[in-house]
Every structure is written in structure tokens, then in C-alpha cells.
Amino acid sequence: MRSNVASRSASASHEDDMILRYTLGERLNHWFGALTYAYLLITGLAFWSPYFFWLAALVGGGSTARFWHPWFGLAFSASLFWMFKDWRQDMRVDNSDRAWGRVISNYIRNEDDKLPPTTRFNYGQKLFFWGMCYSVILLLLSGVALWYTEALPWSLRYVRYTAILIHASVAFITIGLFLIHVYMSAILEKGSLASMIHGKVTAAWAWTFHRIWYDDLRGASRSKQ
Amino acid sequence: MSQAVTEIVRISGHAGPAPGAGLNREFHVCKLVDTTTCIGCKACEVACLEWNGYPFTETTFDNTYQTMPETAWNYWNLIKFNEHEREDGSTMLLMRKDQCMHCEDPGCLAACPADGAIVQYANGIVDFQEAHCIGCGYCITGCPFNIPKFSPAAHKVFKCTLCSDRVTQGLEPACIKACPTGCLHFGTKPEMKELAETRAKQLREHSGFADAGVYDPPGVGGTHVIYVLHDAKNPELYGGLPKDPHVPISVRLWKGPLKWIGNLALLGGLVGMAFHYMRYGPKKEQEIPADDGRRP
Ligand code: HEM
Ligand code: SF4
Ligand code: SF4
């Protein structure tokens, strides 16, 4: 393992050697999704528990939060649909991912050199992506059922009883996924957050964390020459 | 009951105990609706509308004597009609005054997420405080009696207050005041329970209603509105009064175990991540070896 100082200077010397990881469109949509999710999280937690009700005050009070939460839900769903459209291919889980998954403990221990190489996204990122995609379908269906409470007749009250359990449970699953995602990308994996802002990663970053993707890009650029 | 706010229990600088303190031990109020003597005149509906001052709006006429299909955000008191054909071929017109039951264990209150939007007074009245209501409609999910109603204009929910404003002033609810037959009574819970049981016994022994009884459902801890029914075995006949109402099990799960599992998982996750960062630290990129390992 190299020391901090050395690796920093190494990437500095590769400054010209940057690789485009996210297009402008991907980045804008990512942050649109992130902001709408943050709003849903804050307001949702306020409805969830009296101990979080104060969160509603941050976004204009309970009534305002109740009014906008479902609309932001629609916006977030749209954002996720766009991600699905953009990333569906790159997020396909294959056998290399399963091999990676079997030694995920190496990843958790930061022993990345003991992991099989990964494509543009690793298995964890793929699971996060698909987890969010399936969750948002459930959140959307249950959320719409809860939206206009008064529109649902008394004879269909069981829809409400089911929807509230689904909505709260699935919301919590996504909160778990979301926390891990934020931790990994903003805190744990240096370079990750910056790549979602200006779109680029160093070649060393790509080589370290997504070697198959790196090789493909290099191969492609070589064949272009 | 009503005197709870005016009855003095302690007096400063007073020789001896406060006069009358502790005399009135029964604070629980109760409304008794005797469906067997209701004539369906709807005086109570009008009195409720007048006292609470909401506008009357369009209704749906569905070929019955009912004013509208169910109570509304601005119409808290509704006589439900049912033309019931009995086994002997005769017809009975069953009439039940529908309104909030003021449950001892209110599902609306258990479900509500807004601080102070629903309160239960010591006298048993369950009251909505619209100023704090955020209009989420969770109370509608929590109520086993289909009572809270959403106002699309106000984005808030409304229901019968058991005239808490009148009761604190020592008055009976407006509906009771208006009833011409005396089928509505108001008093303490034990008094009303006794009156109801006496009436049910009379119906059983003298009027040929063998199944007459009192509706005070234990599933919601008893209610502060009770009914005398000719046929207590089939409360559904009376405009869909549930036989054994409970706060929905899903509401109990949601507000109970799910809440704790969710909160613990949230806390555990945050602690786990902090631990992971302290134990393993950040992931850093490595330098690419000169030969890149695999490609020529
Ligand atoms: C996808 C579209 C969505 C729609 C239409 C939607 C709609 C709703 C509605 C109508 C409610 C209940 C009433 C209220 O607003 O107070 C609700 C509650 C809630 N929502 Fe959403 N929502 C959506 C997405 C999300 C997402 C992505 C999250 C993730 C954080 C979330 C978290 C919550 C939570 C935690 C609650 C409170 C549940 C409880 O009270 O226990 N929602 N949502
Ligand atoms: S609609 Fe109002 S009273 Fe009903 S649960 Fe929501 S905040 Fe509480
Ligand atoms: S009848 Fe419904 S609204 Fe009235 S106290 Fe019971 S649960 Fe609440």
C-alpha cells in the first residue's frame, strides 16, 4: 500500500489523464433525484415519528410537507425512471458480479486488490440501483393510494391498511440503501463524489475500482487510434 | 364531566378542605342513543349543523330517507336508515344516529402524526384541533367507524366534537337538546350504561325483542357514545355498525413494532457506518502499474 501523500501526488501527476465517468445529463438527473429524495426523506420521517416531526418545520411545516411530499414523489420517480433508461445496460448483473459478491467481505475491509475486477458499476452499486428501482414502484403505488385518502371509499379501506404498511416499510428499506450509498460515495470512496459533480475520474481511480470498465475504455480508445 | 374545569379541588389560604372537592368522581361523559325510539326526524342533524355553523352542501339522494350516503366534513351527524325485512316477513325501519363514537382507545389518535391535532380529554371526548392538523388523512385509516372526513378546501379533517365547547360550559350536546322523542340522553358513563341496560331489558322482557342489547364495543375500550339496539347480535343492520370494531391491525403494526424496528435499524446503520469508517477508513485509488498487468 502506498502512503497518502504518494497516492495524492500520483493522481495529481495524472491530472491530464482524466476519464469521463458521467455525462452532464447523468449528473443533472442524479442530483435532481438526490434532492427530491432528500425532501421525501425529511418530510417522510416527519410523518413517520413524533420524534422527527420537527423536521417538517425545516421545509415549511406539516401541512406544506403533506401537500408537496406526493408531488416530490412523482418527481423522484421520474428521475429514477430516467436513470433506469440511462443505466439499465451498465447495471446488468452478470457472473463476474456474483463472484465479486462472494468475496464482498474484502470490499468491506477495504482490501480492494483482493477483489475480481468490475465493470462500470460494482455489484454493490448494482444492487443499490435495482433496490431503488423496485422500491420506487412500490412507493409510487402505495403513495398514490395514500395521496387522496378521501377518494378511496370505505369499502376499499383495506387498500389503505396495506398501503401504509408497504409505504413505511419500503421507505425504510430505501433509507438504508440511501445511507449506505451516501456513505460510500461521499465519504468512503475518495473521488466518487467529485465524479458526480464534474463528471471525471482519474485513470488510477478507474483502474482501482472499475478495472473492466477502464480496460474497455482504453481498448476502445486504442482501437480508435 | 362538564364540571371538570369549574370544580375547585384546592384553595390557597383556605381553612380546611375545598368545599365539594372530590364529590364528583365520575368525569366520563356518555351519549346514549336509543335506536328503538328514534323516529328519524333529523332534528339532531339540523341542530348539529346549526350549532357548529358549517354550510350545508349538495348531497346525493340514493332512494332512501338518508340525507346523504355517509357523514361529511361539514355534516357530522347522520341518521342512517335501513329497511330491514324480518324473518316473519314484516319490515322494520331501522334508524341509527351515526357520529363519532368517542372511543376510549381512539384509532384516529393512534394514527395521527401531527403534534396536538387530536386530543382526548379526561371526560372521554376525542377532539380534533384543526389548527394542528396537516391533512394527511391517517386518522381516516385509523378509525374503525368511518368517521373523520377530509375537507378538500381546508386540507384538514373534521368530525363530531361531542359538542366539547358546550359540554365544558355545562350544557348537553346540541343533538341531545333537539331530540323530540327523548331517544338521546347525555350523562356520565355509568348512568348512561345503566339506563341503556334497563331499556334493553325492557325490550327483551316486554317488547318481544329477545336479542335487544347495548352496543358499547370492548374492542376499542368502550365508547362514549352507546346504542340500544333491538338486535344487538346484528349491529351491521343499523347502517353498517361494525360487530366487533378494533383499531386496524395494520395500524397497530405500523405504529408499534414497525416504528421500533425502523428506528433501531436507522440508528444501528448510522452507528455501523461510523464504526466502519473508524475501523477501515477511506478507500483510495492505487497507482496503475507500468505494464497495467494484463494488456500488451
Ligand atoms: C414515489 C412516490 C411517492 C408518493 C406518491 C408518496 C406519497 C406519500 C403519501 C401520500 C404519504 C402519506 C401521507 C402523507 O404524505 O403524510 C407518504 C408517507 C411517507 N412517505 Fe412517501 N411518497 C412517495 C415516495 C417516497 C419516498 C421515495 C420515500 C423515502 C424516503 C417516502 C417516505 C415516506 C415516509 C417515511 C412516509 C411516512 C410513513 C409513516 O407515516 O409511517 N415516500 N408518502
Ligand atoms: S388528517 Fe389531521 S387529524 Fe387526521 S391524522 Fe392527519 S394530522 Fe391528524
Ligand atoms: S369513532 Fe373514529 S374518529 Fe371517533 S374517536 Fe373513534 S376512532 Fe376517532
Between [atom1] of [X] and [atom2] of [Y], what distance do you get to the nearest 0.5 Å?
X        : Y        : atom1 : atom2 : value
B/Ile140 : A/Leu152 : CD1   : CG    : 10.0 Å
B/Asn263 : A/Tyr51  : CG    : OH    : 9.0 Å
B/Glu285 : A/Thr202 : CD    : OG1   : 3.5 Å
B/Trp254 : A/His167 : CH2   : NE2   : 10.5 Å
B/Lys149 : A/Thr149 : NZ    : OG1   : 12.5 Å

Over all atoms of both residues, closest heavy-atom pair of [X] and [Y]:
X        : Y        : result
A/Trp207 : B/Glu287 : CZ3-O, 3.6 Å
B/Pro282 : A/Lys190 : CB-CE, 3.5 Å
B/Gly281 : A/Leu188 : O-CD1, 3.2 Å
B/Lys284 : A/Thr208 : O-CG2, 3.9 Å
A/Ala168 : B/Leu258 : CB-CD2, 3.9 Å
A/Phe67  : B/His155 : CD1-CE1, 4.0 Å

Contact list for residues 140-161 of chain A, test ring-ring contact (aromatic ring centres under 6.0 Å, His included), sequence neighbours left out: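 As it turns out, the ring-ring contact (aromatic ring centres under 6.0 Å, His included) pairs with a partner in residues 140-161 of chain A, which skip direct neighbours, are A/Trp71-A/Trp147, A/Tyr158-A/Tyr161.
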Expected output: side-chain B/Lys156 to main-chain A/Ser63 donor-acceptor under 3.5 Å: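 Pair absent, no side-chain N/O of B/Lys156 close to backbone of A/Ser63.
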Atom group of B/Pro69 that falls short of 4.5 Å from chain A, counting heavy atoms: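 For B/Pro69, neither part sits under 4.5 Å from chain A.
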B/Cys143, part contacting chain A, at a heavy-atom distance under 4.5 Å: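 For B/Cys143, the contact with chain A is made by the backbone alone.
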For [X], which atoms come within 4.5 Å of any heavy atom of chain B: side chain, backbone, both, or neither?
X        : value
A/Phe172 : side chain
A/Ile173 : neither
A/Arg157 : neither

Close approach to chain A in [range], criterion heavy atom under 4.5 Å:
range                       : result
residues 270-280 of chain B : B/Leu270, B/Met273, B/His276, B/Tyr277, B/Tyr280
residues 126-136 of chain B : B/Cys133, B/Ile134, B/Gly135, B/Cys136
residues 98-117 of chain B  : B/Pro113, B/Ala114, B/Asp115

B/Lys233 atom NZ, neighbour heavy-atom count above 12 within 6.0 Å: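 No, not enclosed.
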cation_pi(B/Lys283, A/Tyr107) dist<6.0 Å, angle<=45: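 Checked: cation-pi criterion met.
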Any side-chain heavy-atom pair of A/Trp48 and B/Leu266 under 4.5 Å: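 They are not in side-chain contact.
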Among B/Pro248, B/Ala265, B/Gly240, B/Gly269, residue most engaged with chain A (heavy-atom pairs, under 4.5 Å):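 Of the candidates given, the most pairs with chain A belong to B/Pro248.
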Among the listed options A/Thr64, A/Ile175, A/Ile187, A/Val201, the residue most often paired with chain B at heavy-atom distances under 4.5 Å: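 Most pairs with chain B among the choices: A/Ile187.
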Greatest number of heavy atom pairs closer than 4.5 Å to chain B - which of A/Thr162, A/Leu146, A/Ile180, A/Ile108: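 The option with the most such pairs is A/Ile108.
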